[in-house]
2 protein chains.
Amino acid sequence: MSLPFRVTNCSIERTLGIVGEKWTFLVLREAFNGVRRFADMQAHTGAPRQVLSARLTRLVDEGLLRKEPYREPGQRQRDEYRLTEKGRDLYPLLVSLMHWGDRYLADDGPPVQLTHRDCGAPVELRFRCADGHEVAGPREVTALPGAGAQLESA
Amino acid sequence: MSLPFRVTNCSIERTLGIVGEKWTFLVLREAFNGVRRFADMQAHTGAPRQVLSARLTRLVDEGLLRKEPYREPGQRQRDEYRLTEKGRDLYPLLVSLMHWGDRYLADDGPPVQLTHRDCGAPVELRFRCADGHEVAGPREVTALPGAGAQLESA
DNA sequence: CGCCTGAGTCTGTCAATCGAACTCAGGTAT
DNA sequence: ATACCTGAGTTCGATTGACAGACTCAGGCG
């Protein structure tokens with residue numbers, strides 16, 4: 001899969017500018033797991049508190065998480081962090097990380113099995129073209145300049 | 001999508017231990033683009049040379065890339081870096097990064113359009129269950145302990 | 001021998017991470 | 001009024017990684 005052209009506005013690179021590092025991924029993982037509070041995020045990700053605070057702030061600023069006020073009885077109001085649709089749309093990314101790890105790093109099979117809620121069958125991520133064909137992988141894919149291509153001079 | 005159990009051997013986290021940072025992703029992007037040589041990798045990723053060298057070495061050590069000798073006429077033998085199958089299996093990850101960026105960060109539409117080589121239609125990444133149902137996203141997914149689950153005590 | 005070339009490696013500076021400790025800010029009890 | 005509580009940060013100094021620029025390496029060739 002050689003790329004005979006180059007763009008200056010690569011989407012991969014722009015996405016990485018927001019999420020391209022470990023702690024952010026782990027925060028997103030927890031958000032998908034339903035974890036919303038600072039202390040729980042911290043306990044489950046293991047992120048140093050300063051790092052976690054910075055990542056949460058960044059994800060809110062970028063619109064992937066939103067703050068929602070909550071208040072435990074006897075305590076003051078605080079904020080939880082919830083996924084937005086923009087954040088939720090990173091689900092394929094998290095799942096592809098998981099599935100690759102299941103395949104190459106999990107010694108005894110997948111630790112977590114994602115299943116279809118309605119029927120219970122395992123869930124997979126598959127390539128498909130708009131005409132309905134199964135696409136097996138990068139060798140069956142051709143990259144073309146898209147509508148937003150800003151071509152890089154050779 | 002709440003997770004009512006926890007594992008200590010999370011595949012996402014283990015994958016992130018190898019690829020969870022920007023430069024590694026960019027190296028992989030270039031590998032998928034057919035770039036194989038150090039100087040080309042460096043030019044296209046913009047990685048500092050020391051960083052690039054370290055990432056290439058790591059990816060070779062982890063089996064995602066392999067070295068293959070080459071020799072330009074009049075020069076000495078050197079090594080190129082090529083994807084292994086293990087590395088190629090990270091294609092869904094790269095594509096999900098791209099598609100998310102296309103949707104949320106690309107102002108004028110996707111810079112790069114991935115198409116099916118055989119028919120030309122745009123390629124998408126879709127969730128499907130083993131029984132053939134389309135799965136729309138995280139809300140239709142249930143996570144269960146898998147065969148390799150090492151459960152974390154609450 | 002010297003030159004060439006691409007692939008690293010080295011060095012000192014800067015930035016981010018890290019662990020531990022500290023602060024903040026509402027609610028509540030005294 | 002003050003003191004305590006609690007979760008969510010913030011601060012601080014040490015450590016680690018990134019970074020730019022310069023340097024080295026190692027075969028081939030004249």
Side-chain angles (χ1 to χ4, degrees), chain A residues 12-31 33-62 64-83 154, chain B residues 13 16-31 33-62 64-83 87 154:
Chain A
I12 291 174
E13 194 157 345
R14 296 175 77 172
T15 302
L16 290 173
I18 298 170
V19 303
E21 69 74 44
K22 179 178 112 174
W23 295 119
T24 303
F25 285 115
L26 290 176
V27 168
L28 289 167
R29 180 193 69 180
E30 292 310 322
N33 287 345
V35 176
R36 297 185 173 131
R37 298 181 183 185
F38 189 97
D40 295 330
M41 287 272 184
Q42 209 262 329
H44 293 310
T45 59
R49 293 222 274 280
Q50 180 186 353
V51 170
L52 178 60
S53 177
R55 297 297 183 279
L56 288 168
T57 299
R58 182 78 199 280
L59 288 168
V60 170
D61 288 348
E62 295 289 345
L64 283 82
L65 294 179
R66 63 182 166 87
K67 287 189 186 182
E68 182 153 330
Y70 78 97
R71 192 167 160 284
E72 293 282 343
Q75 295 197 27
R76 65 169 165 125
Q77 183 167 292
R78 303 185 200 278
D79 292 321
E80 293 182 331
Y81 296 86
R82 294 182 177 222
L83 283 168
Chain B
E13 194 158 345
L16 290 173
I18 298 169
V19 301
E21 68 75 46
K22 177 177 114 174
W23 296 119
T24 303
F25 284 116
L26 290 176
V27 169
L28 288 167
R29 179 192 69 180
E30 293 311 322
N33 288 344
V35 177
R36 298 185 174 132
R37 300 183 182 182
F38 188 97
D40 296 330
M41 288 272 183
Q42 209 262 329
H44 293 308
T45 59
R49 292 221 276 281
Q50 179 185 351
V51 170
L52 178 59
S53 176
R55 296 298 184 275
L56 287 169
T57 299
R58 182 79 199 278
L59 288 168
V60 169
D61 288 347
E62 294 289 344
L64 283 83
L65 294 180
R66 62 181 165 88
K67 286 189 187 184
E68 182 152 331
Y70 77 97
R71 193 166 159 283
E72 294 282 342
Q75 296 196 26
R76 66 168 162 128
Q77 182 167 294
R78 303 185 201 279
D79 292 321
E80 293 182 332
Y81 296 87
R82 293 181 179 223
L83 283 167

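To find a chain, count down the sequence lines: A is the first, B the second, and so on, and within it residues start at 1.
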Checklist entry - Are the charged groups of B/Arg66 and B/Glu68 less than 4.0 angstrom apart, N to O? => result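 Judged by the 4.0 Å cut-off on N to carboxylate O distance, B/Arg66 and B/Glu68 do form a salt bridge.
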From [X] [atom1] over to [Y] [atom2], what is the distance, rounded to the nearest 0.5 angstrom?
| X | Y | atom1 | atom2 | answer |
| --- | --- | --- | --- | --- |
| B/Arg37 | B/Gln42 | CZ | CD | 15.5 Å |
| B/Arg78 | B/Lys67 | CZ | NZ | 13.0 Å |
| B/Leu28 | A/Ile12 | CG | CD1 | 9.5 Å |

Within this structure, what is the [atom1]-to-[atom2] distance between [X] and [N], rounded to whole angstrom?
| X | N | atom1 | atom2 | value |
| --- | --- | --- | --- | --- |
| A/Phe38 | D/dT10 | CZ | P | 8 Å |
| B/Leu52 | D/dG21 | CG | C1' | 16 Å |
| B/Arg76 | D/dG27 | CZ | P | 6 Å |
| B/Glu72 | D/dG28 | CD | P | 14 Å |
| B/Gln77 | C/dA7 | CD | P | 13 Å |
| A/Glu21 | D/dT16 | CD | P | 19 Å |
| A/Gln42 | D/dT6 | CD | P | 17 Å |
| A/Lys22 | D/dA18 | NZ | P | 13 Å |

Measuring to OP1 and OP2 of [N], would you say a side-chain N or O of [X] lies under 4.0 angstrom away?
| X | N | answer |
| --- | --- | --- |
| A/Trp23 | C/dC18 | yes |
| B/Arg55 | D/dA18 | yes |
| A/Ser53 | D/dA8 | no |
| B/Tyr70 | C/dT5 | no |

Which nucleotide in the list [options] gets nearest to the side chain of [X]?
| X | options | answer |
| --- | --- | --- |
| B/Arg49 | C/dG8, D/dC19, C/dC22 | C/dG8 |
| A/Val51 | C/dT17, D/dG9, D/dA18 | C/dT17 |
| B/Arg37 | D/dC19, C/dA7, C/dG19 | C/dA7 |
| B/Ala39 | C/dA7, D/dG9, C/dG6 | C/dA7 |

Checklist entry - When the nearest nucleotide of DNA chain C is assigned to A/Pro73 and to B/Tyr81 on a heavy-atom basis, which residue is associated with the more 5' position? => result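 Nearest nucleotide further toward 5': that of B/Tyr81.
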Checklist entry - Between A/Arg49 and A/Ser53, is there a donor-acceptor pair closer than 3.5 Å when you use the side chain of the first and the backbone of the second? => result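 It does not hold such a pair.
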Next on the checklist: Check this for me: does the side-chain of A/Gln50 come within 3.5 Å of the base of D/dC12 through a donor and an acceptor?
Outcome noted: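 Such a pair is found, so the answer is yes.
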Checklist entry - Under 3.5 Å, is there an N or O donor on one side and an acceptor on the other linking the side chain of B/Arg78 and the base of C/dA7? => result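 Not at all, since no donor on one side and acceptor on the other fall under 3.5 Å apart.
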